[in-house]
Amino acid sequence: MLISLKNVTKSFKDQVVLKNVDFSVNEHDRIGVVGVNGVGKTTLLNVIFDGEFDNDPKNGVGELYIKKDLKIGYLKQVEKLLGDNTLYREIRSSFAEVDEVAAKLDNLRNKLADLPTDSVEYKATSNQINSLMAYYDSLDGYNVETNIKKVLNGMGFADRDLSGSVRDLSGGEKTRFALAKLLCLAPDVLLLDEPTNHLDFETRQWLEGYLKSFSGAIVVVSHDRYFLDCCCDSIAEVRDKKIYRYKGGYQSFLQQRQAALDLQAKEYAKQQEEIARMEEFVRKNLAASSSTNSVGSRVKALEKMQRIEAVPPPPKDIVLNFDYDEEPTKNVLTVKNLGITVGDNKRLFENVNFEVTRGEKIAIVGTNGVGKSSFLSALFRLIPFDGVIGWGKGVKTAYMEQEGKTLNKNLTVYDFVCSQLRLATQYDVRSLLARVNIVGDDVLKKLSELSGATVSKVLLAILMTKRANVLVLDEPTNHLDFKAMEGLDKALSEYTGTLVLVSHDRYLLKKVPTKIVEITPEGFVTVNGNYDAYLKYKKDGTNVPTQPNEKAEKPVRQASDKKQQRIDRMDKNRLERELTALEEEIRQLNESLSDPSVMSDYKKIIEVTEQIEKKEKSYNEKMEKWLTYD
């Protein structure tokens, strides 16, 4: 056993977070720690790393055992790096012990050079050198530079100038660099608090592979359900101030957890019935002398009975559903020759063509900084762009930006919601927020006082009121706990409108999208299907994607002679005229849907809609034929 907590209670300002918990870490354990926000997951890691209790009831009590000389590495959610260090000095500090041994070896070698080879001291020094060299080898000291390069490349710093200062790193880069530094330290136990935050797909996959081959034990707090399934062999849920341990990954945890709760509820009900029968027997027979022994035995049995606890009510699920009032046209979004430049003339991409049709659920992925959020911003004309962006007729959009970055954080939650809903009553506002578990005084807090998870819930609540037939979401699961994520997964899966979202949540990407679009510096790559289909394409190229920004090769129609070429040319010109006429007819029919005389007549709406679909089908057929001509 490496680490053991026994009967540990941890409090903050008279608020008990963990109560009488037992928890252990053995060699090679891969433990995922989950729970709703604020339940005490990070507190558990702090107790292990810092021993955050001193047997003072006001602080914490219990027993903490840590194996002698155990090296523990801890990545905190908000990691601090020394601002004056270069990147190389910072990462090299992980090898302090290696450098210390190397310095001792140099001193001994220098000493050895001045000693007579036949002296006792020479032999003793030689033995010291041999012993230290063996230890140096056990520390993998000869591969320090190789290991630094390996880890930095894996964490996305392959092209970084290591002479630069850590102060120049962005917030996300600091987290990644701190993780790289910790991995170089190679501790016996890794404590990781949300390690996949700020990591793109490629880096997450590299980290998962690294952790699978890691020889020590791992305790990781994470909301990344895909990561938990991939890397963990047990799940520890922090719930009701206790810790419940389950074998397997995240999906197995969900099944076992529900089965355990169901069994506990059943056993509790059965015991309560038995207690009620025994108490009724005692009450009826207490005065009867002939029943004294029977009554006494039942009283003692009641006193000694180990009571099964009632199943506490589960944390209230957030209740999300996204409805809309009318269907948009088939072509929801058309993007032509799009180009975006940001910052100091950094060109993200150009000449991109992109289409979204009604009912599609499209997930946009790509490496950090490639332009995913910028693309969404351009769709709503929040940043400059080149090219054409057109929303289809009847489209009603709702956009959730990442973490509410542009919100006025000085507003209270109540005032912000009122600003988004016209003529909302206090009852309407509080009822809406209650659906995402924001109640009581939290409604009157400023947005700046809220956690990232709570801000996301406020934005999701607002999103429900928009009744949009097209949802555009930028990292909607950021900061949410697993219960809230499950609620959002369900709502988006059941949503029958059109969805465009940017997300790193691979668990969500397996369940919701019908199409994955990867943004690369060269353009957009489209793969039909969910995240599994995308992985398959990345691995072996199957499900060959379309690349809207590149012209597809057209089938060539071979003309046998000049007469055939002339006939083909006449057919092509005729098709062009027919396509132009159909475009105008479809446009007029779509406009007629806004006519009050049509809008008020359900039968006319059906009739016009059927005409539109019929003409669109004809248009698509003629377009396919037209494309076969050079």
Side-chain angles (χ1 to χ4, degrees), residues 318-335 354-364 372-383 385 389-408 411 413 415-424 428-429 431-436 438 447 452-480 484-485 487-503 505 508-509 512-515 517:
I318 64 172
V319 182
L320 298 174
N321 65 286
F322 304 109
D323 293 325
Y324 55 94
D325 300 312
E326 60 178 348
E327 293 284 359
T329 187
K330 182 178 179 182
N331 296 320
V332 169
L333 173 65
T334 302
V335 175
F354 182 73
E355 289 186 350
V356 179
T357 57
R358 184 178 59 231
E360 284 189 314
K361 293 183 177 180
I362 297 176
I364 297 175
K372 303 183 294 295
S373 294
S374 296
F375 174 69
L376 297 191
S377 295
L379 296 183
F380 294 93
R381 291 171 168 76
L382 300 176
I383 61 173
F385 61 88
I389 294 175
W391 293 99
K393 191 173 183 63
V395 167
K396 185 177 181 182
T397 62
Y399 174 41
M400 178 179 169
E401 65 176 345
Q402 187 177 161
E403 300 178 2
K405 290 179 179 177
T406 62
L407 295 180
N408 180 355
L411 290 176
V413 175
D415 290 338
F416 171 68
V417 174
C418 285
S419 72
Q420 299 295 308
L421 307 180
R422 303 176 70 179
L423 304 177
D428 292 335
V429 172
S431 296
L432 173 66
L433 292 171
R435 296 181 65 179
V436 292
I438 301 175
L447 294 173
T454 306
V455 171
S456 293
K457 290 176 183 178
V458 172
L459 294 176
L460 288 170
I462 295 295
L463 205 66
M464 286 192 289
T465 69
K466 300 298 184 181
R467 302 194 67 80
N469 50 35
V470 179
L471 294 178
V472 182
L473 314 178
D474 194 354
E475 298 289 2
T477 60
N478 272 8
H479 305 297
L480 297 181
M485 286 182 182
L488 182 59
D489 286 353
K490 183 174 183 292
L492 294 180
S493 296
E494 294 175 350
Y495 178 59
T496 57
T498 305
L499 176 66
V500 178
L501 77 139
V502 168
S503 181
D505 186 343
L508 179 146
L509 294 179
V512 174
T514 58
K515 185 179 289 184
V517 176

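No experiment lies behind these values; they were computed from the predicted model shown.
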S.K.: Within the distance-only criterion (no hydrogens, no angle test), does the side chain of Lys515 pair as donor or acceptor with the backbone N or O of Val356 below 3.5 angstrom?
M.R.: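 Not at all, since once roles are kept as given, no pair shorter than 3.5 Å links the two residues.
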S.K.: Using 0.5 Å steps for rounding, measure from the CG atom of Leu480 to the CG atom of Leu488.
M.R.: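 The CG atom of Leu488 is 6.5 Å from CG of Leu480, to the nearest 0.5 Å.
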S.K.: Closer than 3.5 angstrom, by distance alone: can the side chain of Ser431 be matched with the main-chain N or O of Asp428 as a donor-acceptor pair?
M.R.: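 No, because the side chain of Ser431 does not come within donor-acceptor range (under 3.5 Å) of the backbone of Asp428.
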S.K.: Before you tell me yes or no, could you show the steps for Leu501 and Leu508 under side chain to side chain contact (heavy atoms under 4.5 Å, CB included), namely the whole-Å CA-CA distance, both residues' side-chain angles and the distance that decides it to 0.1 Å?
M.R.: CA-CA 11 Å; Leu501 77 139; Leu508 179 146; 3.7 Å; yes
S.K.: Could you pull out the closest heavy-atom pair between Gln402 and Asn478, with the gap in Å?
M.R.: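 Smallest interatomic distance, heavy atoms only, reads OE1-ND2, 3.6 Å.
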S.K.: When you compare the side chain of Thr498 with that of Leu333, does any pair of heavy atoms fall below 4.5 Å?
M.R.: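 No, too far: nothing below the 4.5 Å cut-off.
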S.K.: Please round to the nearest 0.5 Å and tell me the distance separating atom CG of Leu459 and atom CG of Asp474.
M.R.: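 Output value for this atom pair is 11.0 Å.
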S.K.: How close do Glu326 and Tyr324 get, heavy atom to heavy atom, and via which atoms?
M.R.: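 Result for this residue pair: O-CD1, 3.3 Å.
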S.K.: Passes side chain to side chain contact (heavy atoms under 4.5 Å, CB included), Asn321 versus Arg435? Steps please.
M.R.: CA-CA 10 Å; Asn321 65 286; Arg435 296 181 65 179; 2.3 Å; yes
S.K.: So which of Val332, Ile364, Thr397 actually passes side-chain contact (heavy atoms from CB on, under 4.5 Å) with Val500?
M.R.: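 Of Val332, Ile364, Thr397, side-chain contact (heavy atoms from CB on, under 4.5 Å) with Val500 is met by Ile364 alone.
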S.K.: Which distance, rounded to the nearest 0.5 Å, do you find between the CG of Leu492 and the CG of Leu471?
M.R.: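 Going from the CG atom of Leu492 to the CG atom of Leu471 covers 7.0 Å.
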S.K.: Tell me, do Val470 and Val472 make a side-chain contact under 4.5 Å, heavy atoms counted?
M.R.: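 Yes, side chains in contact.
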S.K.: Are any side-chain N or O atoms of Thr477 and backbone N or O atoms of Met485, one a donor and one an acceptor, separated by less than 3.5 Å?
M.R.: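 No: the side chain of Thr477 does not pair with the backbone of Met485.
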S.K.: For Val458 and Val417, which heavy atoms make the closest approach, and how far apart are they?
M.R.: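 Between these two residues, the closest heavy atoms are CG1-CG2, 4.5 Å.
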S.K.: Please give me the minimum heavy-atom distance between Ala378 and Ile389, naming the atom from each residue.
M.R.: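 Residues Ala378 and Ile389, closest heavy atoms: O-CD1, 3.4 Å.
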S.K.: Once rounded to the nearest 0.5 Å, what's the spacing between atom CD of Glu401 and atom CG of Leu407?
M.R.: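 The CD atom of Glu401 sits 5.5 Å away from the CG atom of Leu407.
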S.K.: Mind running side chain to side chain contact (heavy atoms under 4.5 Å, CB included) on Leu379 and Trp391 for me, showing each step along the way?
M.R.: CA-CA 9 Å; Leu379 296 183; Trp391 293 99; 4.0 Å; yes
S.K.: Would you please indicate yes or no on a ring centroid separation below 6.0 angstrom for Phe375 and Phe385?
M.R.: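 Aromatic pair excluded; centres sit 6.0 Å or further apart.
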S.K.: What is the distance from atom CG of Leu499 to atom NZ of Lys361, rounded to the nearest 0.5 Å?
M.R.: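 The distance works out to 6.5 Å.
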S.K.: If you take all heavy atoms of His479 and Gly452, which pair is closest and at what distance?
M.R.: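 Distance-wise, the nearest heavy atoms are CB-C, 3.7 Å.
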S.K.: Report the C-alpha separation of Tyr495 and Val512 in whole Å, then their side-chain angles, then the decisive distance to 0.1 Å, and conclude whether the side chain to side chain contact (heavy atoms under 4.5 Å, CB included) test is met.
M.R.: CA-CA 10 Å; Tyr495 178 59; Val512 174; over 6 Å; no
S.K.: At their closest point, which heavy atom of Ala484 faces which heavy atom of Ile318, and how far apart are they?
M.R.: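 Heavy atoms of Ala484 and Ile318 come nearest at O-CD1, 3.6 Å.
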S.K.: Measuring from atom CG of Asn469 to atom CG of Asp325, what distance do you get when rounded to the nearest 0.5 angstrom?
M.R.: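 Rounded to the nearest 0.5 Å, the CG-CG separation comes out at 9.0 Å.
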S.K.: Between Phe354 and Val517, is any pair of side-chain heavy atoms under 4.5 Å apart?
M.R.: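 Heavy-atom side-chain distance check passes, below 4.5 Å.
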